[in-house]
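Quick notes on the structure that follows.
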Amino acid sequence: MSHSIQLENATCRFGDLVAVDEVSFSIEAGERVAFIGPSGSGKTTLIRLINSMRVPDEGTVTVLGEGIADLKVKELRTLRARVATIPQHLGLVENLTAIQNVILGRGGKRGTFRSLRDLLFPSRKDQETIHALLDRVGIEDKLFTRVSQLSGGQRQRVAIARALFQEPDVILADEPVSAVDPARARDTVDLLCSLSEEDGYTLCVSLHHLELAREFFPRLIGLRSGKVVLDGAPETLQESELTELYELSDEEMMADA
Ligand SMILES: Nc1ncnc2c1ncn2[C@@H]1O[C@H](COP(=O)(O)OP(=O)(O)O)[C@@H](O)[C@H]1O
Ligand SMILES: [Mg+2]
């Protein structure tokens, strides 16, 4: 199997702060991985390294065979189209309909004029494709509903459909279920995972919710202060390793106070 994502000693700093600290791991094509760890441990920065929104200060990040630091603008655009990101808070446009938000997932692959026309007057083909996608995520009746009229769970489904519309090789989701109740969160994570099994895309999800990570992901990568402190299948990890991950050190408690 080919590597989908490979980090070698990747480090990312903000001034003096080391947000991602010499991180190394490989994720194979089609794997499903949850990034876990307390707030501030580096999950979002890690996702931004993988989707090439940031370049590592040290070390390398290779995605779908391409070293992201070496790419020219055009190659970067091609790579980004193959890696769909569901950002924290989903990044939907409230005043646009579900179908329009999904079309925006196509991003800059077309010229501005064509993109605008697609958005205002979706082609029959786009309508059919997106209707089928909304059907897969369980909101086929919401095609022309404005996002502002949708519930939290329905919004998550629009964001998933928008990612799928890109036909990506990798989907990255940053705390996609932080804004809904536990039952709804479970449904959304379940959906992301079963779609990835059906379509074969690599799935990396950062999750604050340890129970969901253990239930749905064959592999967990635990971060603390930017370092990988655990990496393995949930059943091979010690209970104490997992609880310690979320326990604050004295130093962190001082910083918190
Ligand atoms: N743009 C930024 N500028 C400065 N510091 C940042 C920035 N983004 C993140 N950080 C810091 O980097 C660390 C890791 O943050 P982040 O990756 O957002 O963690 P997580 O997603 O696990 O909460 C935190 O200490 C955070 O304050
Ligand atoms: Mg985050």
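Rounded to the nearest 0.5 angstrom, Leu210 CG and Leu245 CG are separated by 7.5 Å. From Ile47, atom CD1 reaches atom CD of Glu175 across 8.0 Å, with rounding to the nearest 0.5 Å. With values rounded to the nearest 0.5 angstrom, Ile139 atom CD1 is found 5.0 Å from Leu134 atom CG. Taken from CD1 in Ile36 to NE2 in His208, the straight-line distance is 11.0 Å, to the nearest 0.5 Å. Rounded to the nearest 0.5 angstrom, Ser24 OG and Glu8 CD are separated by 6.5 Å. The distance from atom CG of Leu143 to atom CD1 of Ile99, rounded to the nearest 0.5 Å, is 4.5 Å.
Residues Ile171 and Ala163 approach most closely at CD1-CB, 4.0 Å, considering heavy atoms. Between Thr44 and Gln88 the shortest heavy-atom distance is OG1-OE1, 4.0 Å. Nearest heavy-atom pair, Arg54 versus Thr45, reported as atom, atom and distance to 0.1 Å: CD-CG2, 4.5 Å. Shown here for Glu75 and Asp70, the closest heavy-atom pair between the two residues is OE1-O, 4.3 Å. In plain terms, the two heavy atoms of Leu192 and Tyr201 that are nearest each other are O-OH, 3.1 Å. Contact between Val63 and Ile50 at its shortest, heavy atoms only, is CG2-O, 3.4 Å.
Between Thr60 and Leu7, the closest side-chain pair of non-hydrogen atoms is not below 4.5 Å. Arg32 places a side-chain heavy atom less than 4.5 Å from the side chain of Glu197. Val93 is not listed as a side-chain neighbour of Val147, based on a closest heavy-atom distance of 4.5 Å or more. In this structure, the side chains of Arg186 and Glu215 come closer than 4.5 Å at one or more pairs of heavy atoms. No side-chain heavy atom of Phe165 sits less than 4.5 Å from a side-chain heavy atom of Ile160. Counting heavy atoms from C-beta on, the side chains of Val205 and Phe216 never come closer than 4.5 Å. Taking 4.5 Å as the limit, every side-chain heavy atom of Ser4 sits out of range of all side-chain heavy atoms of Asp169. Between Leu223 and Val228 the shortest side-chain heavy-atom distance falls below 4.5 Å.
Ionic pairing of Glu58 and Arg13 is present here: one or more N-O contacts between side-chain nitrogen and carboxylate oxygen are shorter than 4.0 angstrom. Checked for salt-bridge contact, Arg106 and Asp126 meet the test: a charged N lies under 4.0 Å from a carboxylate O. The existence of a salt bridge linking Glu235 and Arg214 is excluded, since no basic side-chain nitrogen approaches an acidic carboxylate oxygen closer than 4.0 Å. Look at Glu22 and Lys227 and you find no salt bridge, because none of the NZ, NE, NH1 or NH2 atoms lies under 4.0 Å from a carboxylate O. Salt bridge Arg155/Glu94: present, at least one basic N to carboxylate O contact under 4.0 Å. Salt bridge Asp174/Lys43: absent, no basic N to carboxylate O contact under 4.0 Å.
A continuous path of hydrophobic side-chain contacts links Leu104 to Leu133 [ILVMFWY only; heavy atoms under 4.5 Å]. Following chains of ILVMFWY side-chain contacts shorter than 4.5 Å, one can reach Leu191 starting from Ile130, so the two form part of one hydrophobic cluster. A single hydrophobic cluster is seen to contain both Val61 and Leu172, as judged by linkage of ILVMFWY side chains at heavy-atom distances under 4.5 Å, directly or through other members. Linking Ile, Leu, Val, Met, Phe, Trp and Tyr whenever their side-chain heavy atoms come within less than 4.5 Å leaves Val33 and Leu220 in two separate clusters. By the criterion of side-chain heavy atoms lying less than 4.5 angstrom apart, applied directly or through intervening Ile, Leu, Val, Met, Phe, Trp or Tyr residues, Val18 is not grouped with Val20; the two fall into different hydrophobic clusters.
Within a 6.0 Å radius of CZ in Arg184, other residues, nucleotides and ligands contribute 12 heavy atoms or fewer.
By the side chain to side chain contact (heavy atoms under 4.5 Å, CB included) test, Glu167 pairs with no residue at all, sequence neighbours left out.
Within the structure, every pair that satisfies the salt bridge (Lys or Arg N to Asp or Glu O under 4.0 Å) test and touches residues 128-140, not counting sequence neighbours, is listed here: Arg136-Glu198, Arg136-Asp199.
Within the 3.5 Å criterion, the main-chain N or O of Lys72 finds no donor-acceptor partner in the side chain of Arg77. Here the side chain of Thr129 pairs a donor or acceptor atom with the backbone of Lys125 at under 3.5 angstrom. With hydrogens and angles disregarded, a donor-acceptor distance shorter than 3.5 Å links the side chain of Arg146 to the backbone of Asn95. Side chain of Glu244 to backbone of Glu241: no donor-acceptor contact under 3.5 angstrom is found.
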Note to self: Run Glu31 and Thr202 through side chain to side chain donor-acceptor pair (under 3.5 Å) and show every step you take.
What the structure shows: CA-CA 5 Å; Glu31 252 194 289; Thr202 308; over 6 Å; no
Notebook entry, point to check: Can you check side-chain contact (heavy atoms from CB on, under 4.5 Å) on His3 and Ile27, steps first, answer last?
Noted result: CA-CA 6 Å; His3 291 316; Ile27 294 174; over 6 Å; no
Next item on the list: Start with the C-alpha gap between Asp118 and Ser123, add the side-chain angles, then the distance that decides, and say whether side-chain contact (heavy atoms from CB on, under 4.5 Å) holds.
Entry: CA-CA 7 Å; Asp118 288 348; Ser123 67; 5.7 Å; no
Check: After noting the C-alpha distance and the side-chain angles of Gln6 and Ser26, does the key distance pass the side chain to side chain donor-acceptor pair (under 3.5 Å) rule?
Finding: CA-CA 4 Å; Gln6 193 162 26; Ser26 299; 3.3 Å; yes
Next item on the list: Could you check Ile5 against Thr62 for side-chain contact (heavy atoms from CB on, under 4.5 Å), going step by step and ending with a plain yes or no?
Entry: CA-CA 6 Å; Ile5 299 163; Thr62 309; over 6 Å; no
Note to self: Is there a side-chain contact (heavy atoms from CB on, under 4.5 Å) between Leu207 and Phe217? Walk through the geometry before answering.
What the structure shows: CA-CA 11 Å; Leu207 273 180; Phe217 290 83; 3.8 Å; yes
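With hydrogens and angles left out, the side-chain atoms of Gln100 and Thr97 include a donor and acceptor closer than 3.5 Å. Side-chain contact, Thr11 with Asp21: no donor N or O sits under 3.5 Å from an acceptor N or O. Side-chain contact check for Ser52 and Arg80: at least one donor-acceptor pair (N or O, by modelled atom type) lies under 3.5 Å.
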